[in-house]
Q: 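If you scroll down you'll find the structure; I have some questions about it.
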Amino acid sequence: MARSETAGERFTVERQSREVGDRDGYAFVRYRLGSDELSRDLDAVGGAGFSTSDYPDMAAFFGILDGAGKPQLVLNVIDDDGMAISFVFAAKDATVPSEVVHDLLDRLDVPAAWNAGADNDLAGRFDLRWVDAAGWVRQEPRHLVKVEFERICFGTRPVLREAVDVFLLPDPAHDMADADAERAYWAKHFYRETAWDEFRRLPQSEGVRPGFSSWMNNGEPQTVKVLNDCLDREIARMTADRVQAAAASPRG
């Protein structure tokens, strides 16, 4: 890539990025490396201080702007033994729909790297995932309920803590976000109590640790989003257990 500036220098004059497409009122742009526009837009989407001049022959930046020119998303693509999206910066108040981001990713047609979390950033925010045989696909959002257990050594200040997270399948009959405060309270109680069965499956639950308390629930249960397939085996096991329990129930 021919450049009059040396790597690490910023352009001293404003140079506009090149629009490479659009969708539903959103513009897709490729930024000029080192440009003031790229620096401003990175600042706006949470990438302040990110270097835009390293590896000029290997890097490219793409973005999505709304109809008013406000940056919604900036992607850093690196060609390092194979092209991949290395970093994802999305505005906290971004309104860009998932299908618009999907369109840009399809045009780029490169996967997201895992080492800096770009793959999980796109899955978590936009429900988009790279599949080798198909490219970018939209995955249906999946959620779990997280319950934390901890045991504490009170013989120090601050105290020492050992914590373990357990996850459960959400139960439609127990909605922690229920508008009725009492039903929401008892839904959280249900998950705290149910989590003990899963906790007892873990090796950490066995025996005692000298100087530490017994295990106890810590905090409120929380809903977490599943981003990839790393927990699929455990989720399948839990799903099968639920089906078996329902079949064995007198009301099943």
Q: Whether the side chain of Tyr191 engages the backbone of Pro170 through a donor-acceptor N/O pair (distance < 3.5 Å, no angle test) should be reported.
A: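 No; judged by distance alone, with no hydrogens or angles, the pair does not exist.
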
Q: Is Leu33 reachable from Phe62 through a run of hydrophobic residues whose side-chain heavy atoms are each under 4.5 Å from the next?
A: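 Phe62 and Leu33: separate clusters.
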
Q: CG of Leu42 to CD of Glu37: how many Å apart, nearest 0.5 Å?
A: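 Atom-to-atom, Leu42:CG and Glu37:CD are 10.5 Å apart.
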
Q: For Gln244, I'd like to know if atom CD has over 12 heavy atoms of other residues, nucleotides or ligands within 6.0 Å.
A: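 It does not: Gln244 CD has 12 such atoms or fewer within range.
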
Q: With rounding to the nearest 0.5 angstrom, report the NZ to CG distance, Lys188 to Asp175.
A: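 So the NZ of Lys188 and the CG of Asp175 are separated by 10.5 Å.
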
Q: Between the main-chain N or O of Asn228 and the side-chain N or O of Arg142, is there a donor-acceptor pair closer than 3.5 Å?
A: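 Yes.
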
Q: Can you check whether Leu108's main-chain N or O pairs, donor with acceptor, with Trp136's side chain at less than 3.5 Å?
A: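 No, Trp136 side chain to Leu108 backbone: no donor-acceptor pair under 3.5 Å.
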
Q: Salt bridge between Arg107 and Asp103, side-chain N to carboxylate O under 4.0 Å?
A: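 Result for this pair is yes, salt bridge flagged.
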
Q: With clusters defined by side-chain heavy atoms of hydrophobic residues (ILVMFWY) lying less than 4.5 Å apart, directly or transitively, does Phe28 cluster with Phe87?
A: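 Looking at the clustering, Phe28 is in a separate group from Phe87.
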
Q: So, taking the atom named OG in Ser98 and the one named CZ in Arg125, what distance separates them when rounded to the nearest 0.5 Å?
A: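 So the gap between those two atoms works out to 11.0 Å.
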
Q: Show your reasoning for whether side chain to side chain contact (heavy atoms under 4.5 Å, CB included) applies to Arg242 and Asp171.
A: CA-CA 10 Å; Arg242 176 177 287 183; Asp171 187 329; 4.1 Å; yes

Q: Calculate, to the nearest 0.5 Å, the distance between atoms CG and CG belonging to Leu227 and Leu122 respectively.
A: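 It is 10.5 Å, given to the nearest 0.5 Å.
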
Q: Any idea which heavy atoms bring Ser205 and Leu202 closest together, and the distance?
A: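 Looking at all heavy atoms of both residues, the closest pair is OG-O, 2.7 Å.
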
Q: Look at the aromatic rings of Phe190 and His174 and report parallel, tilted or perpendicular, splitting at 30° and 60°.
A: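 Plane angle under 30°, so parallel.
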
Q: To the nearest 0.5 Å, what is the distance between CD1 on Ile152 and CH2 on Trp215?
A: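 The CH2 atom of Trp215 is 10.0 Å from CD1 of Ile152, to the nearest 0.5 Å.
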
Q: Between Glu162 (side chain only) and Cys153 (backbone N and O only), is there a donor and an acceptor less than 3.5 Å apart?
A: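 Absent.
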
Q: Is a side-chain N or O of Gln72 found less than 3.5 angstrom from the main chain of Thr95, in a donor-acceptor match?
A: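 Side chain of Gln72 to backbone of Thr95: a pair is present.
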
Q: Can you measure from CG (Asp127) to CD (Glu140) and round to the nearest 0.5 angstrom?
A: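 That separation rounds to 8.0 Å.
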
Q: Answer with yes or no whether the hydrophobic clustering places Val224 together with Leu231; edges join I, L, V, M, F, W, Y residues whose side-chain heavy atoms lie under 4.5 Å apart.
A: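 Same cluster: Val224 reaches Leu231 through Ile, Leu, Val, Met, Phe, Trp or Tyr contacts under 4.5 Å.
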
Q: Using a 3.5 Å distance criterion without hydrogens, assess whether the side chain of Asp180 forms a donor-acceptor pair with backbone atoms of Arg183.
A: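 A pair under 3.5 Å: yes.
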
Q: Determine the interplanar angle of the His189 and Trp186 rings, folded into 0 to 90°, and report it as parallel if under 30°, tilted if 30 to 60°, perpendicular if over 60°.
A: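 Rings of His189 and Trp186: perpendicular, over 60°.
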
Q: Angle class for the Phe199/Trp196 ring planes (parallel below 30°, perpendicular above 60°, tilted otherwise)?
A: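 Judged by the thresholds at 30° and 60°, the geometry between Phe199 and Trp196 is perpendicular.
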
Q: Walk me through it: do Thr194 and Val147 pass the test side chain to side chain contact (heavy atoms under 4.5 Å, CB included)?
A: CA-CA 10 Å; Thr194 305; Val147 179; over 6 Å; no

Q: Which one of Glu148, Arg192, Lys146 satisfies the side-chain contact (heavy atoms from CB on, under 4.5 Å) criterion with Glu220?
A: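 Of the listed residues Glu148, Arg192, Lys146, the side-chain contact (heavy atoms from CB on, under 4.5 Å) partner of Glu220 is Arg192.
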
Q: Any non-hydrogen side-chain atom of Trp130 less than 4.5 Å from a side-chain atom of Asp109?
A: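 Trp130 vs Asp109: side chains touch.
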
Q: Can Arg23 and Asp106 be counted as an ion pair, charged N to O under 4.0 angstrom?
A: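 So Arg23 does not pair with Asp106 through a salt bridge.
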
Q: Indicate yes or no for a side-chain donor-acceptor contact from Ser86 to the backbone of Asn76 under 3.5 Å, with no hydrogens or angles considered.
A: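 Between the backbone of Asn76 and the side chain of Ser86 there is no qualifying donor-acceptor contact (under 3.5 Å).
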
Q: Would you sort out whether Phe61 and Asp41 count as a side chain to side chain contact (heavy atoms under 4.5 Å, CB included), showing the intermediate values?
A: CA-CA 11 Å; Phe61 287 82; Asp41 285 4; over 6 Å; no

Q: Report, as yes or no, whether the 6.0 Å neighbourhood of atom CH2 on Trp114 holds more than 12 heavy atoms from other residues, nucleotides or ligands.
A: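 Open.
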
Q: So, Arg237 and Glu234, do they make that salt bridge, N to O below 4.0 Å?
A: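 Glu234 and Arg237: salt-bridged.
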
Q: For Phe154, is there any backbone N or O sitting under 3.5 Å from a side-chain donor or acceptor partner on Arg157?
A: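 Side chain of Arg157 to backbone of Phe154: a pair is present.
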
Q: Determine, using the 4.5 Å side-chain heavy-atom cutoff (strictly less than), whether Tyr26 and Val101 are members of one ILVMFWY cluster.
A: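 Same cluster: Tyr26 reaches Val101 through Ile, Leu, Val, Met, Phe, Trp or Tyr contacts under 4.5 Å.
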
Q: Linking I/L/V/M/F/W/Y whenever their side-chain heavy atoms sit closer than 4.5 Å, directly or via other members, would Val88 and Val110 fall into one cluster?
A: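 Yes: a chain of side-chain contacts under 4.5 Å links Val88 to Val110.
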
